[in-house]
Amino acid sequence: MAGPDRPSGRPESVPFTDKISPAPGEVRLAGVLTALPGLAMLALAVLLLVSSFTGSSEVGGNNVYAEAGYYFVLAAGTLACAAGLLLGKTWARSPGVVVALIMAGVGWYATGPSHQPGYGIPLLAAGVLTVVLLFRRRSRAWVLGQEVGETEEEAARRDGAAGRAARREREDD
């Protein structure tokens, strides 16, 4: 906004701490757990590319590059979701639940049918823990925009998190 405070017309810089929404610790811990499969997929993509360049890959051709690209895209989406949870963004909760359910499913399959409990049990535990963290009372209240002493129904009538954001904007003006 141009004005007496900002004669150049450049937008005001918002401090990083103001970009972080208030979220409970459960949500931030779920963000850390959600980042783990994203980092694993990123490492896998890098390993695939390195093995294709060094000639140690058993699979030749463009398939390795396509597979590495696929894992890069999945890793980027998962890490974006994890970053959203760490920054307290409500949009990241639903994709975080999806990532956690996939992680739990992969952990179950590795533990049971694949007979790899060393890999499966930690994955299964991390997936279940992430789902539990994202559905705890404080996490639900945060995503619904519930105020202290307010019921979920009252928060919904007030338009929840959107109402909270609109009120914050009115207070800033």
Side-chain angles (χ1 to χ4, degrees), residues 14-49 66-169:
V14 177
F16 181 71
T17 55
D18 289 349
K19 293 180 183 179
I20 298 175
S21 300
E26 291 98 336
V27 173
R28 298 197 196 284
L29 180 57
V32 170
L33 291 172
T34 302
L36 297 177
L39 294 172
M41 286 185 279
L42 188 62
L44 179 60
V46 169
L47 285 173
L48 281 169
L49 285 178
E67 189 175 355
Y70 177 73
Y71 286 120
F72 271 124
V73 169
L74 286 177
T78 303
L79 291 172
C81 174
L85 288 171
L86 287 169
L87 292 173
K89 303 299 180 186
T90 56
W91 61 262
R93 183 177 179 250
S94 293
V97 169
V98 171
V99 169
L101 291 174
I102 291 171
M103 193 170 22
V106 169
W108 172 84
Y109 188 81
T111 301
S114 293
H115 305 291
Q116 299 290 324
Y119 297 112
I121 291 174
L123 274 174
L124 181 60
V128 169
L129 178 61
T130 303
V131 170
V132 168
L133 289 171
L134 290 174
F135 280 97
R136 288 185 51 104
R137 181 181 307 268
R138 288 183 56 205
S139 301
R140 282 194 343 265
W142 162 74
V143 82
L144 292 172
Q146 207 173 340
E147 302 290 341
V148 177
E150 185 179 47
T151 66
E152 289 182 8
E153 291 80 18
E154 291 169 340
R157 272 190 302 252
R158 186 181 40 78
D159 203 18
R164 180 176 58 192
R167 188 179 71 230
R168 195 177 307 136
E169 280 184 25

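- The minimum heavy-atom distance linking Ala100 with Val131 is given by the pair CB-CG2, 3.6 Å.
- We find the OG1-CD1 distance between Thr78 and Ile102 to be 8.0 Å, quoted to the nearest 0.5 Å.
- Between Glu150 and Gln146, the shortest heavy-atom distance links the atoms O-NE2, 2.5 Å.
- Considering every non-hydrogen atom in both Ala75 and Gly38, the closest pair reads CB-O, 3.4 Å.
- Evaluation of the side chain to side chain contact (heavy atoms under 4.5 Å, CB included) rule for Val27 yields Ala23, Pro24, Leu85, Ser139, Trp142 as partners, not counting sequence neighbours.
- How far CG of Leu124 is from CE of Met103: 10.0 Å, rounded to the nearest 0.5 Å.
- The nearest pair of heavy atoms linking Pro113 to Trp108 is CD-O, 3.7 Å.
- For residues 122-137, every residue pair satisfying the salt bridge (charged side-chain N to carboxylate O under 4.0 Å, His left out) rule, not counting sequence neighbours, is listed here: Glu26-Arg136.
- In this structure, the side chain of Gln116 does not engage the main chain of Gly120 through any donor-acceptor pair within 3.5 Å.
- Between the CG atom of Leu123 and the OG1 atom of Thr111 there is a distance of 8.0 Å, given to the nearest 0.5 Å.
- Rounded to the nearest 0.5 angstrom, Glu67 CD and Leu49 CG are separated by 10.0 Å.
- Considering every non-hydrogen atom in both Ala82 and Gly31, the closest pair reads CB-O, 3.3 Å.
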- Task: Check the pair Leu36 / Leu33 against side-chain contact (heavy atoms from CB on, under 4.5 Å), numbers first and verdict last.
- Result: CA-CA 5 Å; Leu36 297 177; Leu33 291 172; 4.1 Å; yes
- Please test Tyr71 against Leu42 for side-chain contact (heavy atoms from CB on, under 4.5 Å), starting from the C-alpha separation and ending with a verdict. CA-CA 7 Å; Tyr71 286 120; Leu42 188 62; over 6 Å; no
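- Taking OG1 of Thr34 as the reference point, atom CG of Leu29 lies at 9.0 Å (rounded to 0.5 Å).
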